[in-house]
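Computed from a predicted model, the values in this text were never measured in an experiment. These values consider heavy atoms only, across backbone and side chains, with no hydrogens, waters or symmetry-generated copies. Order of the sequence lines fixes the chain letters, A, B, ..., with proteins taken first and strands second; residue numbering starts at 1 for each chain.
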2 protein chains.
Amino acid sequence: MINTLQENVSIILPENGLEEKLKQAKEENRKLSIKLGFDPTAPDLHLGHAVVLKKLKQFQDLGHQVIIVVGSFTARIGDPTGKNKARKPLSTEDVQHNALTYINQLSKIIDVEKTKIVFNSDWLDPLNLSEVIQLLSKVTVAQLMHRNDFNKRFTENTPIAMHELVYPILQGFDSIKIECDIEMGGTDQLFNCTMGRQLQEVHQMPAQIVMCMPLLKGLDGKEKMSKSLNNIIGLTDEPNEMFGKTMSIPDALIDEFIDLTTDFSMEEKESLKSKIENGENPMNIKKLVAKNIIRQYHNEEAAENAELFFNNQFQNKNFEEKNFDPVSISTLNHVQHKTTILELCHQLIKDLSKSAVRRLIESGGVQINSVKIINPDEEIVLTKEVKIKIGRRSFFELV
Amino acid sequence: MINTLQENVSIILPENGLEEKLKQAKEENRKLSIKLGFDPTAPDLHLGHAVVLKKLKQFQDLGHQVIIVVGSFTARIGDPTGKNKARKPLSTEDVQHNALTYINQLSKIIDVEKTKIVFNSDWLDPLNLSEVIQLLSKVTVAQLMHRNDFNKRFTENTPIAMHELVYPILQGFDSIKIECDIEMGGTDQLFNCTMGRQLQEVHQMPAQIVMCMPLLKGLDGKEKMSKSLNNIIGLTDEPNEMFGKTMSIPDALIDEFIDLTTDFSMEEKESLKSKIENGENPMNIKKLVAKNIIRQYHNEEAAENAELFFNNQFQNKNFEEKNFDPVSISTLNHVQHKTTILELCHQLIKDLSKSAVRRLIESGGVQINSVKIINPDEEIVLTKEVKIKIGRRSFFELV
């Protein structure tokens, strides 16, 4: 069990903490509270979020209590410096709406019925200055300046507004309030989650375990998957979109996608990866990954259809690039202007029997104007510029 | 007028701000609000505080509104890190009590009737987290780290708790709340007062003028006058204590004391300073300064008495160190054991006429056991070990 829970995890803090926490919970016969923070300004979930959510699901399947902390307090403040127009304050209704959208998407991965959803404005709104000062006094400036991005901005003289330094402390306060046992997040949340450990200790509570999942790279293969970078596969994307986007990732990203986005078993994952090493065309592996993803967020049929659709699209592209042998309509042996696909193909490829052509068509070997036609008896009007592909190597254009 | 207001001031920010503010007030026919913050954990005022208070008095005399902001909010929080035991939280009653003590001392310098006393907990207590965040967002970390002490501690890795960074911002918020025109303080308050300017501007108010007075050095002549350094002359010190302490300052401090602690006119001050330059015994100048100080915080008579007391003490010290000529009581020409001071002295100094001795006594030239006796007819019982000083050079001891 512990192996599964640790699969794909980048950082567990402290190192043996998870094992001990689980043991403790078992001895005390209690559920662990597993926290994930959610920013209600960005309710569109993608495969990057799914990496963390699937880990939550594992805990949920073991009977533990997943708690989603909606950052309603900060969302309602927005960017008080007014510099970041994207972060304008949300109304309570906006927050509620976004949270619902989010929960709806969550249900694709975790059991929402068993999940506790809490809003941090419930305990942050009533905090008064005196309580804020007490909280701030537990943390030093130097600690906060150790956070990578703060440190970088400080040394580069990029302004850091004071309230930004306060947000990680508030996130830690959330952990106190929900009595969090394990806080989950991406590796970029390590610092903020550690703040929770520190504040819980000051408040004489057991410090939470921090579990950071790797940040899935986006379609560009460079930056982390993020809506603002327009490099995401959304959990609610249509199957064809999911397929096409997955096919578009750089080959170097395939291993990461196998590990973090599929629900293949460990053995299947290793087998796929070794196939690539042994020279298998990466495109074939990507197709398997793409179908696996669609199977998770839609269903088997959608996965199959998406592959077909993609293949059509893909071959379509090849189709247009070929050299077509011109065939004059007048040379074709027809009294009428209209004929069947079978007749047309049979006349173009004279060295195949009619039944062989029929089988070829039925097996998807014929395309008219880049559309696969699998009914040999479908009729076709013979007009100029119609393009016909028969089998792998024969390309004709009516003139 | 502007010259008097600028006398002794170390820093005015912006440079011509005071002049303009005064002009403005005159044009708009309104009083300026002059702010001074007061820390109610330290209600014992000393001559260092008086430097600022006297400047306030000048504004008050011109008809402006002095506002004392009692830092009741922070005093009631104490030191939330718990490290500084001296800064334990004060109750509301403690704060009220200390404020009363303070106001009582204030009345030695400013007109308390015309002074507005406000408590910053009135507007800081009700602040909620959201309002705090809004406030903090107006200030950057880098700005705060420019404050000398923060900068020093940060580079030396001495912990700075986050709430410490917040206090200057709260002080600035006070200025917004009281619509401050001029904030007064010691030079060590420059940074905090400047914070007020910035926050007022963000709140679309005219920025306050900052006026910083020099920090008076303490009796040690090294550190600034501060109760915790035990180097103060308190405003409520007894006259003799004030005199003695003033006499104890290093000579190098006399000019500073003339400037900052006396109420001599500019001309008198310059004259005293040039006397020292021209070789006058510094002790004589210190006596003038000491008497001037006592005159301000007590009265003329107390000043004179303190000088006499000091002279006695001082000469007493010399007195004890002298060699006394032993005079056997039996050799003195008395039938009775008791005589007058005049008789006794006349018998001891035979070459002075009785009337000359009388004049000598009346002018303070005779001491018995280190006490100056100025009534020639006072009676004295002749006993062993009585010591008599007559004039400058004659010392006798009865044996």
So what's closer than 4.5 Å to chain A heavy atoms on [X]: side chain, backbone, both or neither?
{"X": "B:Val132", "value": "side chain"}
{"X": "B:Leu170", "value": "side chain"}
{"X": "B:Phe150", "value": "neither"}
{"X": "B:Asp125", "value": "backbone"}

Under the criterion salt bridge (charged side-chain N to carboxylate O under 4.0 Å, His left out), I'd like the reasoning laid out for B:Arg30 against B:Asp181: C-alpha separation, chi angles, the key distance, then a yes or no.
CA-CA 11 Å; B:Arg30 68 177 182 96; B:Asp181 291 303; 3.1 Å; yes
Drop me the distance from [X]'s [atom1] to [Y]'s [atom2], to the nearest 0.5 angstrom.
{"X": "B:Lys116", "Y": "B:Ser33", "atom1": "NZ", "atom2": "OG", "value": "6.0 Å"}
{"X": "A:Ile160", "Y": "B:Leu144", "atom1": "CD1", "atom2": "CG", "value": "11.5 Å"}
{"X": "A:Glu183", "Y": "A:Thr194", "atom1": "CD", "atom2": "OG1", "value": "9.0 Å"}
{"X": "B:Phe173", "Y": "B:Glu131", "atom1": "CZ", "atom2": "CD", "value": "7.0 Å"}

Under a 4.5 Å cutoff for heavy-atom pairs, which residue among B:Ser121, B:Ala142, B:Ser130, B:Pro126 has the most contacts with chain A?
B:Ser130
Choice from B:Val202, B:Leu165, B:Ile169, B:Val166 maximising heavy atom contacts with chain A below 4.5 Å:
B:Leu165
For the side chain of A:Gln143 and the backbone of A:Thr140, is there at least one donor-acceptor N/O pair under 3.5 Å apart?
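A pair under 3.5 Å: yes.
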Counting heavy-atom pairs under 4.5 Å to chain B, which of A:Leu135, A:Asn128, A:Ile133 comes out on top?
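Of the candidates given, the most pairs with chain B belong to A:Ile133.
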